Amino acid sequence: MKFHSTNKKSKNFSLPEILCKGLAPDGGLFMPDRWPKMPKDFFAKLESLSFRQIAFSVAKNFTNEIPAKKLKAIISDAFNFPAPLRQIGPNLFVLELFHGPTMAFKDFGARFLARSLGYFLQGQKTTLNIIVATSGDTGSAVASGFFNVPNIKVFILYPSGKVSPLQEKQLTTYGGNITALEVKGSFDDCQKLAKQVLSDTELNKAMPFSSANSINFGRLLPQSLYYFWACAQLKALGLNQPPVILVPSGNFGNLFAGLMAKKMGLPVYKFVAATNINDIVPKYLQTGKFGAKKSKKTISNAMDVGNPSNFARILELFNGDYKLMGQNIAGYRVTDRDTKKTIKSIYQKTKYICDPHTAVGVTAAIRFKGRQDERPIVVLSTAHPAKFREIVERVVNKRILLPKQLRRAMKKKKRSVCIKNNYQDLKKVLLQNV
Ligand SMILES: *Cc1c(COP(=O)(O)O)cnc(C)c1O
């Protein structure tokens with residue numbers, strides 16, 4: 001498979017090149033030149049396949065630079081946890097994507113990207129540096145996924161005081177090849193700094209950088225896999241109608257991964273993008289105008305994004321036609337108040353506890369369900385409620401036990417380097433690591 005940039009100037013890149021660059025030289029995002037169509041017999045027996053079998057059949061279309069045997073090993077090592085579909089209402093399901101080591105769906109993308117990069121860098125003498133901006137979950141998934149991968153150093157930019165105490169522990173306690181940089185600023189500032197690092201030619205000559213944010217295509221390919229898996233599990237329950245899939249969204253990497261699956265032939269009736277009050281994309285779907293804004297702080301903080309980075313990819317998929325986009329994607333904006341109401345009402349009705357991000361999705365699902373009742377709706381559950389227990393415990397009035405991987409992180413000592421929200425400051429700190 002060859003890749004081009006959404007800005008159209010950079011073309012003809014291979015998979016190892018795009019994983020090692022992250023961002024295209026013209027500043028755009030990498031896209032595959034074509035969309036492979038999964039064959040009819042793959043869909044005919046979908047319900048009989050395991051997650052890893054599905055993953056291999058889909059991923060191999062993009063990864064001819066990785067031998068089949070190696071790809072299978074990467075897949076079974078990266079996806080060593082389950083992703084069960086659970087029913088929480090009539091025709092209403094959640095796909096739990098939080099059973100990985102950091103308990104958010106970002107483990108799928110980070111673990112696959114780390115292992116693929118590790119394969120391509122094997123035996124090389126140079127070090128690849130990874131810069132990543134996080135509002136919380138990306139940093140921990142990337143730290144956990146890349147910890148001790150040879151030939152890779154990771155720098156995590158996170159906004160000081162704006163991630164949960166647990167998230168902070170999860171991303172500042174690894175040490176080794178992982179450095180946490182605490183920025184006096186917002187997540188958008190961190191994202192901007194990361195972009196500056198990637199496009200600084202002088203710095204990249206001294207130390208080459210790639211990204212582990214969802215601007216790196218290597219995070220999105222693995223995320224497209226669980227959309228097939230959701231449909232496989234529905235079919236196993238005898239539900240064969242194309243579902244509605246609801247995606248709690250911030251930078252829109254996850255939603256784009258769903259659109260990829262549909263491009264490859266997965267029958268999905270509609271995608272629903274659920275955001276918190278940072279509602280740039282739902283507004284766009286209504287008006288055709290994309291108004292990036294400063295992000296506002298909410299209780300679903302991993303979705304506090306004012307300028308969603310994967311929007312350029314979604315635009316390219318629909319040739320910039322917002323009406324066509326609107327036929328495929330509906331958008332909803334959910335306030336913190338409604339998010340909490342949903343956590344409470346789902347708990348009271350079913351005893352199921354959603355984290356705030358999942359609850360944004362469930363709120364939108366309930367609103368969308370009002371318009372149609374016969375199709376299955378699947379909400380992607382993006383984080384374990386214990387990750388956000390300060391909020392969730394107060395809403396459901398019940399203690400939530402920390403799973404053991406999170407308890408372990410809480411006991412470790414935080415180590416971070418504080419930097420001002422200033423590119424020169426950051427560059428100086430990075431160059432000390434050449
Ligand atoms: C990152 C994240 C999201 C948003 O995903 P995008 O791909 O950025 O749209 C939603 N929920 C949780 C828990 C996250 O960590």
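Order of listing sets the numbers, starting from 1, for every ligand and every atom in it. Note that the structure is a prediction, hence the values are computed from the model and not measured.
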For the ring pair Phe147 and Tyr174, is the centre-to-centre distance below 6.0 Å?
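Phe147 vs Tyr174: aromatic centres under 6.0 Å.
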
Taking only heavy atoms of [X] into account, list the atoms of ligand 1 that are under 4.0 Å away from them.
X: Thr382; value: 10 (C), 11 (N), 12 (C), 13 (C)
X: Asp137; value: 12 (C), 13 (C), 14 (C), 15 (O)
X: Ala383; value: 13 (C)
X: Gly253; value: 6 (P), 7 (O), 9 (O)
X: His357; value: 11 (N), 12 (C), 13 (C)
X: Pro248; value: 4 (C), 10 (C)

Crowding at NZ, Lys2 (>12 non-hydrogen neighbours, <6.0 Å):
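Yes, enclosed.
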
Does Lys235 have more than 12 heavy atoms from other residues, nucleotides or ligands lying within 6.0 Å of its NZ?
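Yes, because the 6.0 Å sphere around NZ of Lys235 holds more than 12 heavy atoms from other groups.
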
For ligand 1, is there an N or O atom under 3.5 Å from any N or O atom of [X]?
X: Phe252; value: yes
X: Asn254; value: yes
X: Gly250; value: yes

To check your reading of the model: name the closest protein heavy atom to atom 5 (O) of ligand 1, its residue, and the distance in Å.
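The answer is Phe105 CZ, 3.5 Å.
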
Looking at non-hydrogen atoms alone, which of Thr134, Val281, Asn251 comes nearest to atom 8 (O) of ligand 1?
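Answer by nearest heavy atom: Asn251.
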
Determine, using heavy atoms of Phe98 and all atoms of ligand 1, whether some pair is separated by less than 4.0 Å.
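Phe98: no contact with ligand 1 (<4.0 Å).
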
Between Asp355 and Lys387, is the closest basic N to carboxylate O distance under 4.0 Å?
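Salt bridge: no.
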
Part of Lys106 with heavy atoms under 4.0 Å of ligand 1, whether side chain, backbone, both or neither:
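It is the side chain that touches ligand 1; the backbone stays farther off.
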
Partner residues of Glu65 under the side chain to side chain contact (heavy atoms under 4.5 Å, CB included) criterion, sequence neighbours left out:
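Scan of Glu65 (side chain to side chain contact (heavy atoms under 4.5 Å, CB included), adjacent residues dropped) gives Ser14, Leu15, Pro16, Phe120.
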
